[in-house]
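See structure below.
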Amino acid sequence: MTLRANSEDDQTLLLNFRMLERVLRFVAVWPTDYNSYLPKYLRGRYLLSELINTCYMLFWFFVCVHIAVFHIVSIVTIDLSYDELFLTLITTSIYSIMIPLSTYLLMYEGNIRQLYKFVTRHFRKRSAAGVHYISISSSIRFTNRYQFWWLVICVLGTMHWAIYPILSQERTLPFPFWYPVDVQQSPMYELAYTLQVLGQLQVSLVYGLAGALFMLFVFMACSQFDMLCCSLANIRQSAMILNGHYRMELRHYQANHEIDTRGYVLKEVFREDLVNVQPTKTVSKLDQLSASQTYLMELSSELTCVLEDCIKHHLILLRFCQLLESCYHPYILLKLFQILLLLCFLAFMATVESLSTMKLINVLEYFMLTMTELYLYCFLGHILMNQGLKVGDALWKSPWHLCGASYRRRMLIILMNAQRPVRLTGLKLYELNLETYYTVLKAAFSYYTIIKKFKSL
């Protein structure tokens with residue numbers, strides 16, 4: 001039953017990553033191998049797959065770049081009003097940052113795949129056997145649900161701009177910027193409208209998918225820290241199961257022990273099936289202790305074995321967090337800079353009196369989406385930092401005072417490793433936590449007040 005559950009979890013995780021991968025290929029930020037779609041006699045010949053992939057990537061690159069460039073030309077050449085200028089700056093900043101963001105996703109594709117392989121190869125499917133346990137299936141279900149709604153919110157929040165001309169029943173473009181041709185005449189109007197709709201779709205999917213991948217890795221890491229803390233809390237019961245002669249004590253403890261889920265992120269804990277759980281032979285060797293240290297020797301070999309397994313698990317998690325930080329620290333700084341600009345411009349546009357009702361709704365949607373995106377990243381960084389800090393607390397809450405000297409010596413390894421902070425930063429300059437969330441909001445509001453003062457002059 002356990003093997004079947006583990007296989008289902010692996011399959012669900014694989015399907016989730018494959019879905020994100022397909023959409024990333026759809027918007028051409030990850031390359032696609034087209035050999036499987038070609039006739040057999042053309043596969044691997046004439047570099048056709050590479051040529052098709054390059055053309056497809058250039059098309060999406062053109063969709064993004066032409067909107068950004070034409071917006072910049074509009075700002076430079078057209079005499080825009082103060083309100084129109086900032087409305088144009090909003091779109092210009094979004095599409096200008098899309099270029100380095102897409103480049104980042106393309107350049108760091110190998111790093112992101114390495115993170116996924118690390119998850120599938122080294123992450124545990126459940127915590128150590130005890131009176132209760134935590135399963136990876138909880139985090140997979142939780143992540144899938146939140147990823148789906150996050151992508152839906154991103155698409156709905158950005159595509160409203162694309163359907164604005166339809167809702168207003170006017171023959172206008174979503175973004176009325178400068179064009180080198182007359183786009184009011186057919187078929188140029190339909191072509192320009194289609195490219196702008198594709199641009200908005202690209203923005204929603206690229207921003208949404210980048211956040212969904214980040215969410216996947218952080219929540220999986222948080223789940224593993226919960227498993228580690230659960231294993232440490234159950235460490236004596238795990239040693240009893242390893243020994244195999246404490247079935248009555250374990251059942252009595254489980255019947256009278258109330259599970260405390262407050263310390264876990266997902267707050268989903270399962271009771272162990274003590275009837276079918278199988279004892280495992282101890283492979284750890286005890287330290288050579290002096291006669292004065294051979295106290296509390298009950299279950300010493302089993303306790304040492306379980307704690308050594310927790311030490312290995314903790315080192316794996318610290319290694320994963322280092323890989324996550326090295327992969328995402330340039331992306332985080334880019335996102336913080338983009339969000340700061342957008343919040344400042346959107347806050348200004350939301351207070352413009354001459355803005356139409358439909359455009360005001362669009363601006364407010366973008367504003368709420370940007371605020372949500374900022375909170376999501378800062379919350380994920382904050383919760384991962386807290387997960388790393390609570391490992392030492394979980395060890396102290398374990399019944400260490402009932403364990404012998406060999407166990408206490410190994411405690412120091414986890415306690416020393418737990419002092420190493422688990423942090424996600426923006427290019428090593430800014431930590432990703434809730435304090436940064438408030439800092440960005442304050443900075444955006446400060447720039448907004450400066451802009452308002454310049455307008456009143």
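If you're wondering where the values come from, they're calculated on a predicted model, not measured in any experiment.
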(request) Describe, in one word, how the ring planes of Tyr95 and His71 are oriented to each other, choosing from parallel (under 30°), tilted (30 to 60°) and perpendicular (over 60°). (result) parallel

(message) Whether the side chain of Glu373 engages the backbone of Ile339 through a donor-acceptor N/O pair (distance < 3.5 Å, no angle test) should be reported.
(response) no

(message) Classify the ring geometry of Phe118 against His122: parallel below 30°, tilted from 30° to 60°, perpendicular beyond 60°.
(response) tilted

(request) State whether the side chain of Ser49 and the backbone N or O of Tyr34 hold a donor-acceptor pair below 3.5 Å, judged by distance alone. (result) yes

(request) For the residue pair Phe219 and Phe142, categorise the inter-ring angle as parallel (less than 30°), tilted (30 to 60°) or perpendicular (more than 60°). (result) perpendicular

(message) Over 60° means perpendicular and under 30° means parallel, so tell me whether Phe214 and Tyr331 are parallel, tilted or perpendicular.
(response) tilted

(message) I'd like to check the side-chain hydrogen bond (donor to acceptor under 3.5 Å, both in side chains) partners of Gln147; sequence neighbours left out, ordered by chain and number.
(response) Asn16

(message) Can you classify the ring geometry of Phe17 versus Tyr116 as parallel (below 30°), tilted (30 to 60°) or perpendicular (above 60°)?
(response) parallel

(message) Is the ring pair Tyr375/Phe379 parallel, tilted or perpendicular, if the boundaries are 30 and 60 degrees?
(response) parallel

(request) Measure the OG-CD1 distance between Ser223 and Ile140 for me, rounded to the nearest 0.5 Å. (result) 8.0 Å

(message) Looking at every non-hydrogen atom in both residues, tell me the closest pair between Arg113 and Arg25 and how far apart they are.
(response) NH2-NH2, 3.8 Å

(request) Report yes or no: does Gln224 contribute a side-chain atom to a donor-acceptor pair with the main-chain N or O of Arg124 at less than 3.5 Å? (result) yes

(message) Can you confirm whether or not the ring centre of Tyr179 sits under 6.0 Å from the ring centre of Phe177?
(response) yes

(request) Check whether any side-chain N or O of Tyr377 sits under 3.5 Å from a backbone N or O of Met215 as a donor-acceptor pair, and report yes or no. (result) no

(request) Look only at the side chain of Ser238 and the backbone of Ala129, and say whether a donor-acceptor pair between them is shorter than 3.5 Å. (result) yes

(message) When you measure from the centre of the six-membered ring of Tyr207, is the NZ or CZ of Lys335 closer than 6.0 Å and no more than 45° off the axis?
(response) yes

(message) Looking at Thr425, is its backbone amide N or carbonyl O close enough to the side chain of Glu325 to form a donor-acceptor pair, meaning the two atoms are under 3.5 Å apart?
(response) yes

(request) For side chain to side chain contact (heavy atoms under 4.5 Å, CB included), just list the numbers for Val422 and Met385, CA-CA rounded to whole Å, side-chain angles, deciding distance to a tenth of an Å, and then say yes or no. (result) CA-CA 5 Å; Val422 176; Met385 180 183 65; 5.6 Å; no

(request) Any pair with a residue in residues 201-220 that passes salt bridge (Lys or Arg N to Asp or Glu O under 4.0 Å), sequence neighbours left out, goes on the list, sorted by first then second residue, please. (result) none

(message) Tell me if the centroids of the rings in Phe320 and Phe123 come within less than 6.0 Å of each other.
(response) yes

(message) Against Lys390, only a single residue in Asp226, Leu395, Leu232 fulfils side chain to side chain contact (heavy atoms under 4.5 Å, CB included); can you say which?
(response) Asp226

(message) Taking Phe26's backbone N and O only, do any of them form a donor-acceptor pair with Tyr56's side chain (distance below 3.5 Å, no angle check)?
(response) yes

(message) Could you go through His382 and Asn386, starting from their C-alpha distance and side-chain angles, then the distance that decides it, and tell me whether this counts as side chain to side chain donor-acceptor pair (under 3.5 Å)?
(response) CA-CA 6 Å; His382 187 82; Asn386 287 341; 3.3 Å; yes

